[in-house]
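Numbered from 1 within each chain, the chains take letters A, B, ... in sequence-line order. Values below: all heavy atoms of this structure, side chains included; hydrogens, waters and symmetry mates excluded.
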Amino acid sequence: MPRQLIFVLIALSVAIPLVIKLGLPNDVTREVRQVYDEIDQLDSGSVVMISFDHEASSLPEVKPMAVAILRHCFFKNLKVISLALLAEGTAIGDGILREVAKEYDKEYGKDYLFLGFRPQYQAAILGMGEDIKRVFPQDYKNISLEQISMMKDIKNYQDISLIISVADGDMPAYWVDYAVSRYHKKVATAVTAVMATSFYPFLASGQIVGLLGGLKGAAEYEILIQQPGMGQRGMDAQSVSHLVIILLVLLGNAGYFLRRKFTE
Amino acid sequence: MQIGTLIAAFLTLCIFSFLYKDNPFYKFAEHLLVGISVGYILVIAFNTTVTPKLINPIFQEGKFFYIIPGILGFFMFARFLPKYVWLSRISIALIIGAGAGVAIPATMQAKILAQMQASMTNFATPDGIIIFVAVATTLAYFFFSKEHKGWFGKTAKVGTWFLMIFFGATFGYTIMSRISLLIGRMQFLLGDFLHVIK
């Protein structure tokens, strides 16, 4: 089979379900519910830190997860402090935060804040455990944190209820290494599907309190917050394309065995 | 239609054209991506790190001791000058020394001790037993001081089954991840660009 034909089949299996909605069922897994429950049980005014630890190339996966989590946080009137430990996540994180904050009429500096980017993630994660203002003297807009009202009562991780790393690599592992092990802070992760299996051991050991894995994780979270979004819209396409891939694998194997049988 | 949407759609199609075969449109889009990414990272790093962490403290706040880490940072550029490359080793030694000092205890605690503890408990549950068998047999597969024969060979063989299950799960997730990226681009092309998705 020419490889271009396979590409066309995959493209069609993604495009058709996006145009014609199939409404295939999608269940909520325990690890996604754990993240939801952690956020849902927080009192109004509690502080959640969201770190955008990803690059631009993974935007289709990380954005639906980040949007769903932020919607839940703002709906619960939680305060959100955001940052980026990878440079490309900076503008993306700032954009997503402002977009969702606008939906809920949240005010910058009072309800949410974007600290910007810091390199040397080890130093940044450890430093914030002592004093956030020392690691980020100013926010992304170069406003001194001393002048920002929501930072008046926030010094370090002790004043933060939950940290969520939205990542496309192994950055959440560093949050576990430093924020969990050293400062005993609760950390949840929202990672691209390709990274999900790497974090199940941390979930099993209780080092992270929950896990969202890619578009599927986003779709599940959207079900929990009852706000359909990009995740749920993409899941029909995801399911159909997986079926096509399974069929192609079966056809490929059948072809291989038949060819071997007839050439022997 | 916004000009940004048109440019994004054109560049997306340029990248997709590689699926047919390599061509100048793909090369153009690829080089543009690399160039913009590097430029963006440089600007972000300079504005959010060099300026507030080095330039402002020295020139605005009068913290002149910041010159020392600044000089150590400049030593890194000595790698471009063969005669002075030894200077960069001072900075690298400092980074490796401090980095290892910070990382080793944390990694030991988070990735070894905590994971061992999690593998040793819950023997009363089926999950606990499966985890223990998986860890023990997989470690047996990676133990090379004894030949993989007899009962030890069979134990190691069971370890390979668990490894295959892990690789299969990881590969499945990888496919899901890559398809998600395609879905994102398709949503853009069919929605924002062609307005086919309602």
Side-chain angles (χ1 to χ4, degrees), chain A residues 3-4 7 10-11 14-15 18-19 55-61 63-64 84 87-88 90-91 116-120 122-123 126 136-138 140 142 173-174 176-178 180-182 192-198 200-202 204-207 213-216 230 233-234 237-238 241-242 245, chain B residues 16 19-21 33 36-37 40-45 47-49 51-53 56-57 95 98-99 102-103 105-111 113-119 121-122 127 131 166 169-170 172-191 196-198:
Chain A
R3 54 201 282 273
Q4 283 83 0
F7 297 146
I10 296 293
V14 168
L18 284 176
V19 179
E55 294 173 338
S57 56
S58 55
L59 191 64
E61 271 197 283
K63 188 177 179 183
E88 284 188 35
T90 316
F117 164 71
R118 275 291 169 275
Q120 287 292 334
Q122 290 166 322
L126 280 171
F136 289 94
Q138 293 112 17
Y140 188 47
N142 282 330
Y174 295 102
V176 171
D177 282 356
Y178 303 111
V180 177
S181 298
R182 178 144 178 193
T192 49
V194 69
M195 291 306 298
T197 47
S198 305
Y200 275 96
F202 293 118
S205 63
Q207 289 169 286
L215 205 63
K216 168 94 168 81
M230 290 176 284
R233 276 204 296 275
Q238 186 87 256
S241 60
H242 285 187
I245 289 167
Chain B
F16 279 177
L19 295 173
Y20 180 63
K21 65 178 185 179
L33 173 74
I36 289 174
S37 298
Y40 176 76
I41 290 167
L42 276 175
V43 170
I44 286 284
N47 284 343
T48 62
T49 310
T51 304
K53 289 285 187 184
N56 289 350
I95 291 167
V102 169
T107 306
M108 276 290 286
Q109 173 60 34
K111 299 206 176 88
L113 298 178
Q115 287 298 315
M116 279 172 68
Q117 193 180 12
S119 308
T121 53
N122 294 327
D127 283 0
I131 287 170
F166 170 75
T170 304
Y173 267 112
T174 305
I175 289 175
M176 194 162 101
S177 205
R178 301 298 176 245
I179 292 291
S180 300
L181 300 183
L182 178 62
I183 290 169
R185 284 295 80 197
M186 282 290 191
Q187 281 180 330
F188 167 74
L189 286 176
L190 298 173
V196 177
I197 301 175
K198 297 281 181 285

Please report the shortest heavy-atom distance between B/Ala110 and A/Val176, naming the atom on each side. CB-CG1, 4.1 Å
Note: vs chain B, highest number of non-hydrogen pairs under 4.5 angstrom among A/Tyr200, A/Tyr178, A/Phe136 is A/Tyr178
Closest non-hydrogen contact found for A/Ala193 with B/Met176 is CB-CE, 3.8 Å
Select one option (side chain, backbone, both, neither) describing which atoms of B/Phe166 are under 4.5 Å from chain A's heavy atoms. side chain
Rounded to the nearest 0.5 Å, how far does CD of A/Gln138 lie from OG1 of B/Thr51? 9.5 Å
Check against side chain to side chain donor-acceptor pair (under 3.5 Å), B/Thr170 and A/Thr197: CA-CA 6 Å; B/Thr170 304; A/Thr197 47; 3.2 Å; yes
Hey, what do you get for CD (A/Gln238) to OG (B/Ser177), rounding to the nearest 0.5 Å? 8.5 Å
Where on A/Ala56 is there a heavy atom nearer than 4.5 Å to chain B: the side chain, the backbone, both, or neither? neither
Below 4.5 Å from any heavy atom of chain B, which atoms of A/Thr90 appear? Answer side chain, backbone, both or neither. both
Are side-chain heavy atoms of B/Tyr173 and A/Met195 found at a separation under 4.5 Å? no
With a 4.5 angstrom heavy-atom cut-off, is it the side chain or the backbone of B/Ala103 that approaches chain A, or both, or neither? both
Could you report the tightest heavy-atom contact between B/Ile183 and A/Gly234, atom names first, then the distance? CD1-O, 3.4 Å
Residues B/Lys53 and A/Arg118: closest non-hydrogen pair is CE-NE, 3.5 Å
Residue part contacting chain B, namely of A/Arg3, when any heavy atom lies under 4.5 Å: side chain
When only pairs under 4.5 Å are counted, which of A/Leu215, A/Val19, A/Leu18 shares the most heavy-atom pairs with chain B? A/Leu18
Report yes or no: is the cationic atom of B/Lys111 (NZ for Lys, CZ for Arg) closer than 6.0 Å to the six-membered ring centre of A/Tyr174, at no more than 45° off its axis? yes
Rounded distance [0.5 Å steps], OG in A/Ser181 versus CE in B/Met108: 11.5 Å
Evaluate the side-chain proximity of B/Leu181 to A/Leu59: yes if any heavy-atom separation is below 4.5 Å, no if none is. no
Which atoms of A/Phe117 come close to chain B, meaning under 4.5 Å heavy atom to heavy atom: side chain ones, backbone ones, both, or neither? both
Which bit of B/Leu19 is near chain A, if near means a heavy-atom gap under 4.5 Å: side chain, backbone, both or neither? both
Do you know which of B/Gln109, B/Lys21, B/Gln117, B/Gln187 has the most heavy-atom pairs with chain A at a distance under 4.5 angstrom? B/Gln187
Is there a donor-acceptor contact under 3.5 Å from the side chain of A/Gln4 to the main chain of B/Tyr20? yes
Return yes if some donor-acceptor pair links the side-chain N/O of B/Tyr40 with the main-chain N/O of A/Ala91 below 3.5 Å, else return no. yes
Per-residue contact mode, A/Ala173 against chain B (heavy atom under 4.5 angstrom): both
Side-chain contact test, heavy atoms from C-beta onward, threshold under 4.5 Å: evaluate it for B/Gln115 versus A/Gln207 and give yes or no. yes
What distance do A/Ile10 atom CD1 and B/Ile179 atom CD1 have between them, rounded to the nearest 0.5 Å? 5.0 Å
Select one option (side chain, backbone, both, neither) describing which atoms of A/Ala237 are under 4.5 Å from chain B's heavy atoms. both
Sort A/Ser57 into side chain, backbone, both or neither according to what part of it lies under 4.5 angstrom from a heavy atom of chain B. backbone
Compare every heavy atom of B/Ala118 with every heavy atom of A/Ser205, then report the nearest pair and how far apart it is. CB-CB, 3.4 Å
